[in-house]
Amino acid sequence: VVEKKKIYFNEFNVPTENTIYFPYSSGLLRAYVQKFNIINHNYEFMPFLFIRENSKEILKKYDNPSIACFSSSVWSHQLNIKLARLVKEKFPDCLIVFGGPQIPLDDCIYVNYPFIDLCVFGEGEQMFHKILIDNLENKVIKHKTLRAQKTITDLDTIPSPYSNDIFKYLLRDYPNIKFKAIIETNRNCPFHCSFCFWGQSGIKNRLSYHGLDYIETEAKWLANNKIEYIFCADANFGMFKRDINVAEIYSKIKLFYKYPEKIRVCYGKNASDTIFQTAKILSSAGLAKTVTLALQSNDKNVLKNIGRENIKQKEFINLRKKYIEANIPTYIEIILGLPGETYETFLDGLNFVLESSDNSQIFIYHCEILPNTEMSSKDYIKKYKIQTVTTPLHEIHGNIRDDETEQEYNEIIISTESMDVETWKKCAVISWLIQLFYSLKIGNKLINFICSRFQLKYTDFFEFLFHSNLKEVSFLKRVADNVSNGLSRSQSDKRFGPIYWEPEEFVFLSIILSKQNFYNCLFDITINFLQNKKISYNIDEIIKIFDNQKKEILDLNQFMDIQEYAEKVILHGRKSNLSNIKTQKNT
Ligand code: SF4
């Protein structure tokens, strides 16, 4: 009997408490190559390595490997590198293969990491098959990155790792882990956003699709196996008419099986009617209660610089109205640090969002430079005088990283030709304050009242707050300073659970522990603000609005403790606008 060659897949996703994604990319590779008899005859697929731990511990799981495959993303690249080096040292004949968005298009990776034998750039399934065959025939050419020549036109040629039970054993062997699933109903993206891997990188932007039967069979497997949470990796869900059918499939399945509980989708960037219809279907099935409106910036010049001219202001306002009428909450995304953005345009954009957002969630992200994007090119960086800082990656809502595992990093823009570092820091603090006050509802009623009653700009209040002596503002200023000096923005406190929080979430939870103190200080600041603006006000009106504001915040004593509060109100409640939260006392 010929001993089969052992293949090990390494795909370390980010865990949140006891939940983690199935190693989907590796599962697709395995499902694809297992269609071929020659592969099954010659290779043995070893259990997926997907739990992040010390590289030496992971190495112990290797036994005479023939091929070790590493799926590299920003959250796993350093661990992969360290582990791959150890594997090569211990098993010099093992072929080390890397793939994923961290892989550079050229061959420079082999200079720094000569223990990597091969990389695959772009779609991996067919290339992986070629590598396995070449390996059998001793034809592998090392240190030469393989690049898919054309996109896979019929995605159904890749069997589903779910429907084919490739992950079934994980459910049996890890009963304490709640697995989450990634799915794709189509692949690639027709847009060209400069900060995105799909927007550039030389990938041919031709879209390919799974058939509806494939999607339904996969959905049934996920429901049958009680998978609660699904992330749909389509770049523009709802942009195509057939997405309505996809939404119907999942809502029908949920009605029958009660699973999945939630699907997260990234909606298309232009305001088409099909997006609205798919959102309505998913929302009424309780699968995806909210819709993202990815604005990123409200400035035409910035949108041009980032290759994202696909959102029109008028359409945005109309779409917002439609969602409000249909009672579908939206969350709006903005990015800080984009090239061309100034202090004024950034604040104007925030005012536009706040004026038109009517209780939406607002998420303001820091612009990150990812490999293989237009934004990462030397010319682009030079053109916009981009300055970045490398910070340790502590994934928001991911488990607090154990010092034993390899540190991962991300690269954040902190200055451009149109925004210096000090201004970036000020914008970062104002952004956190807006999210704290508005999205987390510490002060939404108050701000709405002041701005509409006295006809003031929303950002006037936040600029005033920035200069106040509120201790929460001083804390956020320190966080901004730290980020600009290369520290992570993520915050943690064991009382709030074992995961990282956004700065505004961390401040929110701290306020919940001593709410009265905070509102007393805020009251004084509000009065100062009105006096500073020379506005005559009725003090009873202000007292009343503060009383109403405090009622917006769920009380801590409705929960077992602050950890349960953090989990229900922020971790699971934020994107659904902190609504429909069932506490122990009110279920
Ligand atoms: S950000 Fe979204 S729309 Fe833009 S290129 Fe990437 S996937 Fe496409």
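We count ligands from 1, going down the list as the structure has it; atoms in each ligand are counted the same way. Residue indices begin at 1 and follow the sequence shown. Worth knowing before you read on, the calculation uses all heavy atoms, side chains too, and leaves out hydrogens, waters and symmetry mates.
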Legend entry - Other residues, nucleotides, ligands: >12 heavy atoms within 6.0 Å of K322 NZ: yes
Inset, instruction - Taking ring-ring contact (aromatic ring centres under 6.0 Å, His included) as the test, write out the residues that go with W75, two or more places apart. - result: none
Inset, instruction - Verify ring pair (Phe, Tyr, Trp, His ring centres under 6.0 Å) between Y24 and Y162, making sure each step is shown before the conclusion. - result: CA-CA 9 Å; Y24 181 62; Y162 304 112; 5.7 Å; yes
Legend entry - Residues which pass side-chain hydrogen bond (donor to acceptor under 3.5 Å, both in side chains) with E216, listed by chain and number, not counting sequence neighbours: K252
Inset, instruction - Tell me, please, if C189 has any N/O/S atom, main chain or side chain, under 2.8 Å from atom 8 (Fe) of ligand 1? - result: yes
Go through ligand 1 atom by atom and flag the ones less than 4.0 Å from a non-hydrogen atom of [X].
{"X": "A235", "result": "7 (S)"}
{"X": "R308", "result": "1 (S), 4 (Fe)"}
{"X": "W198", "result": "7 (S)"}
{"X": "F191", "result": "3 (S), 5 (S)"}
{"X": "C196", "result": "1 (S), 5 (S), 6 (Fe), 7 (S)"}

Inset, instruction - Please check if any side-chain donor atom of Q277 sits under 3.5 Å from a side-chain acceptor atom of D273, or the reverse. - result: yes
